[in-house]
Amino acid sequence: MDKRKNNSGTKGNKGGRPSKAEEQKLIEKLTPLEQEVLKKFEMNIKAGEKWAIELFFKYMYGLPKQQIEADVKNTGQIPIIQIVNPNEDK
């Protein structure tokens with residue numbers, strides 16, 4: 001038998017986006033580390049770390065537009081479909 005009617009479900013949005021207050025707390029917690037992180041990032045760029053250079057350019061200039069080349073060959077043949085009404089006299 002179907003037991004869904006006995007399922008009380010959950011309250012709230014358990015797997016959704018965190019509330020704005022939680023996000024603000026996290027920002028406040030991480031803000032003092034900002035200058036230190038930027039210094040380390042700069043050191044990695046100057047050291048020639050590929051991941052740091054790629055990350056810098058992705059955020060500064062964005063990703064290039066992806067172009068997809070469509071290779072469609074037109075044979076010039078179009079199928080002809082004829083609809084026949086069975087009640088119509090021939």
Side-chain angles (χ1 to χ4, degrees):
M1 180 168 197
D2 190 6
K3 306 246 180 185
R4 286 183 285 185
K5 66 180 179 179
N6 298 328
N7 184 3
S8 63
T10 60
K11 292 184 179 181
N13 188 3
K14 302 293 184 197
R17 182 174 184 196
S19 69
K20 190 70 173 174
E22 289 178 32
E23 195 173 318
Q24 189 62 35
K25 284 180 195 175
L26 183 61
I27 290 171
E28 289 172 4
K29 189 176 180 180
L30 294 175
T31 299
L33 301 173
E34 185 177 0
Q35 291 303 316
E36 185 178 336
V37 170
L38 289 174
K39 286 178 187 175
K40 295 278 186 180
F41 186 57
E42 182 181 2
M43 286 173 38
N44 282 307
I45 290 173
K46 288 181 178 179
E49 292 288 340
K50 183 181 176 188
W51 65 267
I53 296 168
E54 285 180 2
L55 187 64
F56 174 77
F57 278 102
K58 284 179 184 176
Y59 276 88
M60 281 299 291
Y61 302 108
L63 293 173
K65 281 190 175 181
Q66 293 182 344
Q67 295 182 352
I68 300 172
E69 186 175 324
D71 187 19
V72 180
K73 295 180 182 176
N74 187 359
T75 59
Q77 297 176 354
I78 300 174
I80 298 174
I81 301 172
Q82 187 175 13
I83 300 173
V84 178
N85 186 349
N87 297 333
E88 187 177 295
D89 289 336
K90 293 185 179 185

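Treat the numbers as computed from the prediction; the structure is a model and nothing was measured.
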Original post:
Under a 4.5 Å side-chain heavy-atom rule over Ile, Leu, Val, Met, Phe, Trp and Tyr, are Ile45 and Met60 clustered together?
Top reply: yes
**OP:** Could you list all the ring pair (Phe, Tyr, Trp, His ring centres under 6.0 Å) pairs where at least one residue sits in residues 21-59, not counting sequence neighbours?
**Re:** Phe57-Tyr61
Donor-acceptor pairs under 3.5 angstrom involving side-chain atoms of residues 18-37: please list them, not counting sequence neighbours.
from	atom 1	to	atom 2	distance (Å)
Ser19	OG	Glu22	N	3.3
Glu23	OE1	Arg17	NH2	3.3
Thr31	OG1	Ile27	O	2.5

